[in-house]
2 protein chains.
Amino acid sequence: MSKPIQRHSRQRQVILEELRMQTTHPTATELHQLAKQRLPNLSLGTVYRNLELLTRTGLIRRLDTRGGEARYDGDCTHHFHVRCLRCGRVNDAHGLSAAPVKEQVQTLDGYRILGYRLEFEGICPTCQKRPTRQR
Amino acid sequence: MSKPIQRHSRQRQVILEELRMQTTHPTATELHQLAKQRLPNLSLGTVYRNLELLTRTGLIRRLDTRGGEARYDGDCTHHFHVRCLRCGRVNDAHGLSAAPVKEQVQTLDGYRILGYRLEFEGICPTCQKRPTRQR
DNA sequence: TTTGCAATCAGGAACTATTATCAATTAAGG
DNA sequence: CCTTAATTGATAATAGTTCCTGATTGCAAA
């Protein structure tokens, strides 16, 4: 059972390009809408399949998500994110480092530590302007 | 529309107790199995409903999860987690401080920052012993 | 070129985790 | 007790994602 050869497909190319054009960390559905403008009968399944494949080969990053949809990031340099607790949008937080924290950890309960993720939570500018919903 | 009065139910009590007894940050399903031993006809819906309510009132914490199921933590003191990239289990990482990191950020792109989450990724002891799956 | 074949596709069904609905039950205050 | 509304179990519905089918396509060797 050898590793399958990855070949070049127009769909994958377009999906990757569209993701890289965005700074908004789109969801699979959003990306599907965008890419569909160039490939009208691109299926959502194909978008998911390729996002998975591109994530696996390290060309893009998949961002965790609080319950909702996964978001994707075309920028693989090490950086962090700020997530809006109201609307769920995600922005970059460049220029920060959690390296001092990482240095505190080599192993943790026998885990072999491979990396870390740091994410800030808050309210985005747009949501700050919007009145708070009634509970 | 006033806030409903929260009353005391046996189910909620048991769910909370079982969660607090665990150090493993169980998923809703796992917790359902555990609590069912004490309340045999406890429904999964009730578990979800109460986990949501307890999270909202701040008695427990819901942990983000990479795609799969949400996990819950009965310990609300501020601490971090290590997640196994292979099996998804989560352990605590007490005794670390990310305060220096937080101090780097007051506002970020106009966001009002309310908190941050730091999570380590690695391979847990059990999975280190298991041979790597073929790709 | 043409051909062979595995990688990839579109479309839709299936699956998984979670939330909503609803009639019946039950906690809590009067 | 009695009333009222929160809560429950059971079940249906939803959302996001993955899986399956048969058709298509990129690529390498003939």
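Letters go in sequence order (proteins before strands), and every chain restarts at 1. Note that the structure is predicted; figures quoted are calculated from it, not measured.
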State, with a plain yes or no, whether a side-chain heavy atom of A/T23 is found less than 4.5 Å away from one of A/D92.
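Result no, sub-4.5 Å side-chain heavy-atom pair not found.
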Does some side-chain heavy atom of A/H32 sit less than 4.5 Å from a side-chain heavy atom of A/L42?
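Result yes, sub-4.5 Å side-chain heavy-atom pair found.
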On the side chain of A/R10, is there an atom forming a donor-acceptor pair with the base of D/dG26 - under 3.5 Å, no angle test?
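By the distance-only test, no, there is no pair.
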Polar side-chain contact A/R49-D/dT18 base: donor and acceptor under 3.5 Å:
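No pair found.
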Check the distance between [N]'s [atom2] and [X]'s [atom1] and give it to me in whole angstrom.
{"X": "B/H8", "N": "D/dT8", "atom1": "NE2", "atom2": "P", "value": "11 Å"}
{"X": "B/L53", "N": "C/dA27", "atom1": "CG", "atom2": "C1'", "value": "15 Å"}
{"X": "A/E52", "N": "C/dA7", "atom1": "CD", "atom2": "P", "value": "15 Å"}
{"X": "A/L51", "N": "D/dG16", "atom1": "CG", "atom2": "P", "value": "15 Å"}
{"X": "A/E69", "N": "C/dT18", "atom1": "CD", "atom2": "P", "value": "15 Å"}
{"X": "B/N50", "N": "D/dT7", "atom1": "CG", "atom2": "C1'", "value": "8 Å"}

With a 6.0 Å cut-off (strictly less than), is the heavy-atom count around CZ of A/R20, excluding the residue itself, greater than 12?
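More than 12 within 6.0 Å, yes.
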It should be established whether A/R7 places a side-chain nitrogen or oxygen under 4.0 Å from OP1 or OP2 of nucleotide C/dA6.
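So the side-chain polar atoms of A/R7 never come under 4.0 Å of the phosphate oxygens OP1 or OP2 of C/dA6.
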Does A/E17 have any side chain to side chain donor-acceptor pair (under 3.5 Å) partners at least two apart in sequence or in another chain, and if so, which?
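Side chain to side chain donor-acceptor pair (under 3.5 Å) list for A/E17, sorted by chain: A/Q13, A/R38.
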Given [options], the nucleotide with the shortest approach to the side chain of [X]:
{"X": "B/S9", "options": "C/dT8, C/dA27, D/dT7", "result": "D/dT7"}
{"X": "A/Y48", "options": "D/dT7, C/dA27, D/dT18", "result": "D/dT18"}
{"X": "B/Q11", "options": "D/dT8, D/dA6, D/dC27", "result": "D/dT8"}

Specify the residues of residues 31-46 of chain B, ordered by number, for which at least one heavy atom lies under 4.0 angstrom from an atom of DNA chain D.
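Per residue number, the list reads B/N41, B/L42, B/S43, B/T46.
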Between B/H25 and B/H81, how do the two ring planes meet: parallel, tilted or perpendicular, split at 30° and 60°?
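Plane angle over 60°, so perpendicular.
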Linking I/L/V/M/F/W/Y whenever their side-chain heavy atoms sit closer than 4.5 Å, directly or via other members, would A/L19 and A/V90 fall into one cluster?
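As far as the 4.5 Å side-chain criterion goes, A/V90 and A/L19 are not connected within one cluster.
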For a quick check of understanding: with a heavy-atom distance under 4.0 Å over all strands, which category does B/Q6 fall into, base, sugar-phosphate or nothing?
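Answer is sugar-phosphate: B/Q6 comes under 4.0 Å of backbone atoms only.
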Test of understanding: with side chain to side chain contact (heavy atoms under 4.5 Å, CB included), list the residues that count as partners of B/L34, not counting sequence neighbours.
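For B/L34, the residues satisfying side chain to side chain contact (heavy atoms under 4.5 Å, CB included) (neighbours in sequence not counted) are B/E18, B/Q22, B/L31.
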